[in-house]
Chemist: 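One structure, as structure tokens, below. Some questions next.
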Amino acid sequence: MYKLKDLKKRIIITDTKVECPQKTCNRMVERQRKTFRKSPEFYCSNCQIYISPSTFEYNSESDNLLWFNPLDQDLFEKINKVKRESRISRDNSEDAVTWNVFRYFDRNKILSDFLSKISNDVHNVIELMLWSYSPNEFKGWSWLNKARLEFGETIVRGSEPDIIILTDTTLFFIEAKFNAGNNTVPSAPDNKKEYTIGGQNWFGQVFKSDYQTIAITNKKYELMRFWLLGCWIAKKLNVKFQLVNLVLDNKETNIVSDFGKHIVVDSNNTFSRLTWEEIYSLIKNSHRNDNDTLTILDYFENKAAGYNSKGDLKKAFITN
């Protein structure tokens, strides 16, 4: 995995060529445009990466992951059987960041500590589900599949929160954002599926605004679906629901008010914003000094986030 120290602070980008970002490499490859492709003309064989003006992609997904011992690999392969799509080998992949951070919590049995910090509650009997894969059921989580069908989705193309955590008291949906934002709209605006009528008109119980306003005018289609399905599942399981939008510190600063004005929030159903940098601070302030903790702190401090339009290297997280 290449860190900030391994990468050039600025790369050369011309109309036809892009410089390899690895600090000691002087190779140029053909310039990619629009859709990222893993084609030979974009490949640096010296550094074994595919290159675009804004990012690069490793040959292997494992090259972008901190944790990939046999147990991690087994879990990862099982997740990939239910995960809709994967760009986890790309350097600026939010899926890779999600795996690296939440596998750290899970491997070290400290998910309960993390959850207590973000919810002011005590949590036990914890199951972490990455991209809807349930380790307890050995398949896609059955309750999410029930909710998908209830609201007119299909299982194979249904709503997929990045992180689901079920405890004895609370269902968490955590939607992680790295470079992408929260503005999303339906690909077929006239197809509401069963969102507004499913679950015995559940939509009207958990939203203040109508579908058109939320999904299309205000472009909060993805968050709308997670709130709808999450509240419904939590009600069925008789637990609280917390939808968490996990973002960079300088992004989506008004998301709680922007989305919160559309939803019915109460003691059982809450929406919150959390930043990657806050997670970094929680880990650092835990004063753990084991190898895993030192590894994840180094990851936060030295993670790159690709290159801007001028070819300047971007630091992923604000850690100082």
Chemist: More than 12 heavy atoms of other residues, nucleotides or ligands under 6.0 Å from NZ of K251: is that the case?
Modeler: yes
Chemist: Which distance, rounded to the nearest 0.5 Å, do you find between the CG of L128 and the CD1 of I174?
Modeler: 8.5 Å
Chemist: Is it true that D292 and R107 have a side-chain N and a carboxylate O under 4.0 angstrom from each other?
Modeler: yes
Chemist: Distance-only, no hydrogens or angles: does the T184 side chain make a donor-acceptor pair with backbone N or O of E222 under 3.5 Å?
Modeler: yes
Chemist: Give a yes or no on whether the backbone of N124 and the side-chain of D168 come within a donor-acceptor separation of less than 3.5 Å.
Modeler: yes
Chemist: Hey, does the side chain of S119 reach the backbone of L115 with a donor-acceptor pair shorter than 3.5 angstrom?
Modeler: yes
Chemist: Does the gap between the ring centers of F56 and Y50 come in under 6.0 Å?
Modeler: no
Chemist: Answer yes or no: does atom CG of N291 have more than 12 heavy-atom neighbours from other residues, nucleotides or ligands under 6.0 Å?
Modeler: no
Chemist: Salt bridge (Lys or Arg N to Asp or Glu O under 4.0 Å) for K117 and D113? Distances and angles first, verdict last.
Modeler: CA-CA 6 Å; K117 294 287 197 312; D113 295 339; 6.0 Å; no
Chemist: Show me, pair by pair, the donor-acceptor contacts under 3.5 angstrom made by side chains of residues 146-160, not counting sequence neighbours?
Modeler:
| from | atom 1 | to | atom 2 | distance (Å) |
| --- | --- | --- | --- | --- |
| R148 | NE | S159 | O | 3.0 |
| R148 | NH1 | N145 | OD1 | 2.8 |
| R148 | NH1 | I155 | O | 3.2 |
| R148 | NH2 | S159 | O | 2.9 |
| E150 | OE2 | G199 | N | 2.8 |
| E153 | OE1 | S159 | N | 2.7 |
| E153 | OE1 | S159 | OG | 3.4 |
| E153 | OE2 | S159 | OG | 2.6 |
| E153 | OE2 | Y195 | OH | 2.6 |
| T154 | OG1 | R157 | N | 3.3 |
| S159 | OG | R225 | NH1 | 2.8 |
| E160 | OE2 | R84 | N | 3.3 |

Chemist: Kindly compute the distance separating CD (E194) from CG (L228), expressed to the nearest 0.5 Å.
Modeler: 11.5 Å
Chemist: Measure the acute angle between the ring planes of W276 and F300, then classify it against the limits of 30° and 60° as parallel, tilted or perpendicular.
Modeler: tilted
Chemist: Looking at every heavy atom in both C25 and C44, which two are closest together, and how far apart are they?
Modeler: SG-SG, 3.7 Å
Chemist: Keeping the roles fixed (side chain from N285, backbone from S281), state whether a donor-acceptor pair exists under 3.5 Å.
Modeler: yes
Chemist: Do F105 and S112 make a side-chain contact, defined as non-hydrogen atoms from C-beta onward lying under 4.5 Å apart?
Modeler: no
Chemist: Indicate yes or no: does E61 engage R87 in a salt bridge with an N to O separation below 4.0 Å.
Modeler: no
Chemist: Below 4.0 angstrom, N of the basic side chain to O of the carboxylate: do D312 and R10 qualify?
Modeler: yes
Chemist: Establish, from distance only, whether the side-chain atoms of D63 and Y2 form a donor-acceptor pair under 3.5 Å.
Modeler: no
Chemist: Do T169 and H123 pair up side chain to side chain, a donor and an acceptor below 3.5 Å, judged on atom types alone?
Modeler: yes
Chemist: Heavy-atom count around K261 NZ within 6.0 Å, excluding the residue itself: above 12?
Modeler: yes
Chemist: Counting N and O atoms only, with roles assigned by atom type, does the side chain of R90 sit under 3.5 Å from a partner on the main chain of T55, one being a donor and the other an acceptor?
Modeler: no
Chemist: Indicate yes or no for a side-chain donor-acceptor contact from Q22 to the backbone of T24 under 3.5 Å, with no hydrogens or angles considered.
Modeler: yes
Chemist: Counting only N and O atoms by type, is there a donor-acceptor contact under 3.5 Å from the side chain of E277 to the main-chain atoms of T319?
Modeler: no
Chemist: Should R37 and S52 count as side-chain neighbours, where that means a heavy-atom distance under 4.5 Å?
Modeler: no
Chemist: Check whether the side chains of E127 and N136 place a donor and an acceptor atom closer than 3.5 Å, and report yes or no.
Modeler: yes
Chemist: Donor-acceptor pairs under 3.5 Å, side chain of residues 203-210 to any protein atom, not counting sequence neighbours: which ones?
Modeler:
| from | atom 1 | to | atom 2 | distance (Å) |
| --- | --- | --- | --- | --- |
| S209 | OG | H262 | ND1 | 2.8 |
| D210 | OD1 | Q212 | N | 3.2 |
| D210 | OD1 | T213 | N | 2.7 |
| D210 | OD1 | T213 | OG1 | 2.8 |

Chemist: Do K8 and E19 sit within salt-bridge range, that is, some charged N less than 4.0 Å from a carboxylate O?
Modeler: yes
Chemist: Checking E278 side chain against T275 main chain: does a donor-acceptor pair fall under 3.5 Å?
Modeler: yes
Chemist: D15: what forms a salt bridge (charged side-chain N to carboxylate O under 4.0 Å, His left out) with it, not counting sequence neighbours?
Modeler: none
Chemist: Could you tell me whether the side chains of D298 and T295 share a donor-acceptor contact shorter than 3.5 Å?
Modeler: no
Chemist: Is it the case that over 12 heavy atoms from other parts of the model lie below 6.0 angstrom from the NZ atom of K177?
Modeler: yes
Chemist: Please test R273 against E252 for salt bridge (Lys or Arg N to Asp or Glu O under 4.0 Å), starting from the C-alpha separation and ending with a verdict.
Modeler: CA-CA 8 Å; R273 176 182 182 268; E252 307 289 346; over 6 Å; no
Chemist: Name all residues meeting the salt bridge (charged side-chain N to carboxylate O under 4.0 Å, His left out) criterion together with D249; count only those two or more places apart in sequence or in a different chain, and write none if there are none.
Modeler: none
Chemist: Decide yes or no for I88 and L65: does some side-chain heavy atom of the first lie under 4.5 Å from some side-chain heavy atom of the second?
Modeler: yes
Chemist: With a 3.5 Å cut-off and sequence neighbours excluded, list the donor-acceptor pairs that the side chains of residues 231-238 form with protein atoms.
Modeler:
none

Chemist: Kindly say whether the aromatic ring centers of F241 and F173 come within a distance under 6.0 Å.
Modeler: yes
Chemist: Return the CG to CG distance between N182 and N218, rounded to the nearest 0.5 Å.
Modeler: 12.5 Å
Chemist: Take a 6.0 Å sphere around CD of E41 and say whether it holds more than 12 heavy atoms from other residues, nucleotides or ligands.
Modeler: yes
Chemist: Above 12 or not: heavy atoms from other molecules or residues under 6.0 Å from CG of N289?
Modeler: no
Chemist: Taking E57 first and then K38, would you say they form a salt bridge - that is, a charged N and a carboxylate O separated by under 4.0 Å?
Modeler: yes
Chemist: Going by atom type alone, with no hydrogens or angles, which donor-acceptor pairs under 3.5 Å involve a side-chain atom of residues 94-103 and a protein atom two or more places apart or on another chain?
Modeler:
| from | atom 1 | to | atom 2 | distance (Å) |
| --- | --- | --- | --- | --- |
| E94 | OE1 | F178 | N | 3.2 |
| D95 | OD1 | W131 | NE1 | 3.4 |
| D95 | OD2 | K83 | NZ | 2.7 |
| T98 | OG1 | E94 | O | 2.8 |
| W99 | NE1 | W67 | O | 3.2 |
| N100 | OD1 | L66 | N | 2.7 |
| N100 | ND2 | N64 | O | 3.4 |
| N100 | ND2 | A96 | O | 3.1 |
| N100 | ND2 | Y299 | OH | 3.1 |
| R103 | NE | D72 | OD1 | 3.1 |
| R103 | NH1 | D106 | OD2 | 3.1 |
| R103 | NH2 | D72 | OD1 | 2.4 |

Chemist: Report the distance from atom CG of L144 to atom CZ of F226, rounding to the nearest 0.5 Å.
Modeler: 9.0 Å
Chemist: Determine yes or no for a side-chain-to-main-chain donor-acceptor pair under 3.5 angstrom, with Y280 supplying the side chain and F317 the backbone.
Modeler: no
